[in-house]
Amino acid sequence: MTELLRVEHLNKAYGEVPVLQDISFTVNTGEVQVVLGPSGSGKSTLIRCLNGLEPYQSGTIYFQGQKIDPTPKNWQLLRQKIGMVFQSYDLFPNLNIMDNITLGPIKVQKQSKATAQKEALRLLDTVGLADYTAKFPRELSGGQKQRIAIVRALALHPDFMLFDEVTASLDPEMVRGVLEIMANLAKQKMTMIVVTHEMNFAQQIADNVLFLDDGHILESTPGKDFFTNPQTDRAKEFLQSMDF
Amino acid sequence: MSWQIIQQSLPMFQKGFILTLQMSALGILGAIILGLMCSLCQYFKIPVLKQIVGAYIELSRNTPLLIQLFFIYYGLPGIGLKLSAYTCGIIGLIFLGGSYMAEGFSGGFDGIPNSQIESGKAIGLSQGQLTRYVVFPQGFALSIPALAANIIFLIKETSIFTVIAIPELTNTALDLIGLYYHTNEYLLVLVVGYAIILIPLSIILTWLERRIRYGTFGD
Amino acid sequence: MAHSGINLIFEGQNLPRLLGGLWITIRVALIAIIAGGVLGIFLGVLRTFKNRLLRFILRLYLEFFRIVPTVVLLFLFYYILPKSMNLNLPAAEVATLVFTLWMAAEASDIVRGALISVPQHQVDSGLAIGLNRSQLYYYVLIPQSLKLMLPAMMNLISRIIKTTSLLLLISVLDVINVGQQIIEANQKQYPQGAFWVYGVIFVLYFLICYPFSLLAKKLQKD
C-alpha cells in the first residue's frame, strides 16, 4: 500500500476559537476514509483544508510524499488532482451540463474539446444521465445535480476525491442513487475521504473511520471494527445517538 | 382642454422628445461604461483607484443632479472651463449615473454565492478563469435588475436639464406654458411624452430581467 | 480674483441667508418624510390585503408617481391645484404635498416588499396562537419586517432630500434660490461667485445626505 496523503499536526482556528487541533492521519492509495463526528466537530473544515479552501495556522500536508507549500498558486495546481464535491452541489447555473463538466478539462487541463466531451459522455453514462448534456442545472432535481457534480469532479481524473456531506440536502429518495455512485467508485479503488451522516453507507464503504470530536481526532479505527466495537465512550454515545 | 392646441404644439414636443431620448441614450451608455470600470476597480481592489472610486461614488450619490449641473454649467466657467449646456447635461448625467451603475454592478458581483467561487477553485480554475467563466456571467445577470431600475431613473432625471435651458421635453412644456398659458394641454402632452418612453421601457426591462434570470438561474 | 471668491460666502448676511434657505429645504423634506412615511406604512399594509380592486388602485398610484418625473409632478400640482380645484397654496406647501405623496408611494412599496418576505410559517404560527389580523401585523409582521425595510427607507429619505433641490423650479425660496440671488447681487464684485456658492451648496447637500447612505449601508450589512 502506498501512501497518498499524510496530514501532520494540523491546527486551525477562527480567530481565538480552535476548530482543528493537532490533526494527524494518513490515507493510502485506494483507501476510503470516512470522517464521522457530531455537528460542529470540524469534519467539513478538515476536508476543506485538504483542498486549500481553508487556510490553516500550522501543520503539514504531504501529497504523494511531497510536502505541500500552501500558496494559492500551488493549491490551484493541486486541485486538479483532488476532486471535491460539496453539500450544495454548486453547479454553475450559467453553463449547461456539458459545459459544467468540461470547463475544467478544457480550460485548466487544456484537453481538446472533443476529448473532454467524449470523456464527459462516458462518465455521464455511468451515472445514468447521458441524455442531459444540453440541460441547465435548474432543470435537474437535487439528486441529479449532485450526480453531475460528482462527474464534474471526476472529469479531471483526480488522484483522490473529497465528499463533504454530499447527501445532506437531498430528499431521502434521491440519496440512494448518489450513494451507489460513491460505492461504485470505492469498488474501483478510488481513494476517497468522505464526510457523511449516512451510517449504513459509512459502514459499507469505510476502510477506516476517523472519529472527530471538538476538533480532535478521538479515534482512528478500521471500518469493520468502529461500528461494532468503538474504542472511546464518545464514539459509543455518538453511534447510539445516530440510532446505530 | 383643446385638441387643436395639443396638435399645434406637437412638432415642438417632438423635438424635445427626440432630444430627451438622445441625451438619455448617450448619458446612460456613458454611465454604464464608467460604472463598470468603477465596479471592476472595487472588485479587484486596485489600490488608490479603489479609494478614488469610493469617494466619487459617495459624492455623486449624495448630491442632487440639479446642483451638479449648476456647478458644471455656471460654476466651472468661473475657473475658466466653459462648456455648452448640451455637453454639461451629458457630463452631469454620466457623473450621476456612473455611481448608480457602479453600485448595480458591484451588487451583482457580490451577490454570487461564495460556494460558486469555491467550486470553481475546486476544479482548478485560475483567478482569471474564475473571473471569466464564473464571476462575470453570473455577476452581470445578477446586476440586471439594478441596471434596469437605474436606466429608468436616469431618463427621468433628464427632466432636470430644463434648469440649464436644454430644450428637452420638460423645458419645451415649460416654455410653451410661459408663452401661451395653455397649462392643461401642455402638461398632458408632457406626461404622455414620458409615459411613451417609460412604460414600454419598463415592460421590456421587466421581461428581459425575467428572461435572463430564468435563462441562467433559479430553481 | 478667483481665489478670493470664497469670501463671497462669508460676506455680510450671505451665510445666514444660505442656511435660512437650507432650513426651508429641510423643512419640506422633514414633513414629507414623516407624513409620507406614516401614510406609506398604512398603504403598504393595505397592499398586502387580498382585495384586488384596492391593490390595483394602490398599484396605479405607485406607478404614476414612479413613471412621472418629480419635476413634472411639481409642475402638475403647482399649475393644476389652483386652476381645477381652486386651491391656492403657497409654493412650499405644494412641494410638501408632492413630496409627501411621492414618499408615501415609494414607502408603500418598500413596506409591502418587506411584509411579504416574512416567512409564511411565521404567519401560520401567529394565527395558530389565536392572533387576529391587526394583532398579526402589529406583533409579528411589522416588527419582523422593520429590519428588512430600514436600509431601503434610509436610501429613500436621502433621495427625498436630494430631490428637494427641485424646489427652486416652482420658486420656493430654498437654498439654491437664495444662492442664485447672492450670485446675481454680487455679479460685478465676484464674477466667480457661482463656482463658490454652488460649490458650498453641493457640499451642504452632501453633508446632509451622506449620513443616511452610510446608515443604509451599515444596516444592510447587519
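Chain identifiers are assigned alphabetically (A, B, ...) following the order of the sequence lines, protein sequences preceding nucleic acid strands; residue numbering begins at 1 within each chain. All figures in this text were calculated on a predicted structure; none of them were measured in a lab.
Contacts with chain C were tallied for B:L174, B:T158, B:N184, B:L76; B:L174 has the most, counting heavy-atom pairs under 4.5 Å. When B:F70, B:Y74, B:Y194 are compared by the number of non-hydrogen pairs under 4.5 Å with chain C, B:F70 comes out ahead. Each of C:V197, C:I176, C:I183, C:L207 has some count of heavy-atom pairs under 4.5 Å with chain B, and the biggest count is that of C:I176. By number of non-hydrogen pairs under 4.5 angstrom with chain C, the leading residue of B:I197, B:L169, B:I160, B:T170 is B:I160.
When all heavy atoms are compared, the tightest approach of C:S145 to C:V118 is CB-CG2, 4.0 Å. Across every non-hydrogen atom of B:S106 and B:Q42, the tightest pair is OG-OE1, 3.7 Å.
Contacts between C:L73 and chain B at a heavy-atom distance below 4.5 Å are absent for every atom of the residue. Using a 4.5 Å cut-off between heavy atoms, C:I67 touches chain B through backbone and side chain atoms alike. Contact annotation for B:L198: both backbone and side-chain heavy atoms come within less than 4.5 Å of a heavy atom of chain C. When heavy atoms are compared at a cutoff of 4.5 Å, C:E63 does not approach chain B at all. Only the side chain of C:S158 comes within contact range of chain B, with heavy atoms under 4.5 Å apart. Using a 4.5 Å cut-off between heavy atoms, B:Y186 does not touch chain C at all.
Using cut-offs of 30° and 60° for the angle between ring planes, the C:Y78 and C:F75 rings count as perpendicular. Ring orientation note: the planes of C:F77 and C:F65 are tilted relative to one another, at an angle of 30° to 60°.
To the nearest 0.5 Å, atom OG of residue B:S9 and atom CD of residue B:E185 are 8.5 Å apart.
The local environment of CZ in B:F44 is crowded, with over 12 non-hydrogen atoms from other residues, nucleotides or ligands closer than 6.0 Å. Crowding of B:Q22 atom CD: a count of heavy atoms from other residues, nucleotides or ligands under 6.0 Å exceeding 12.
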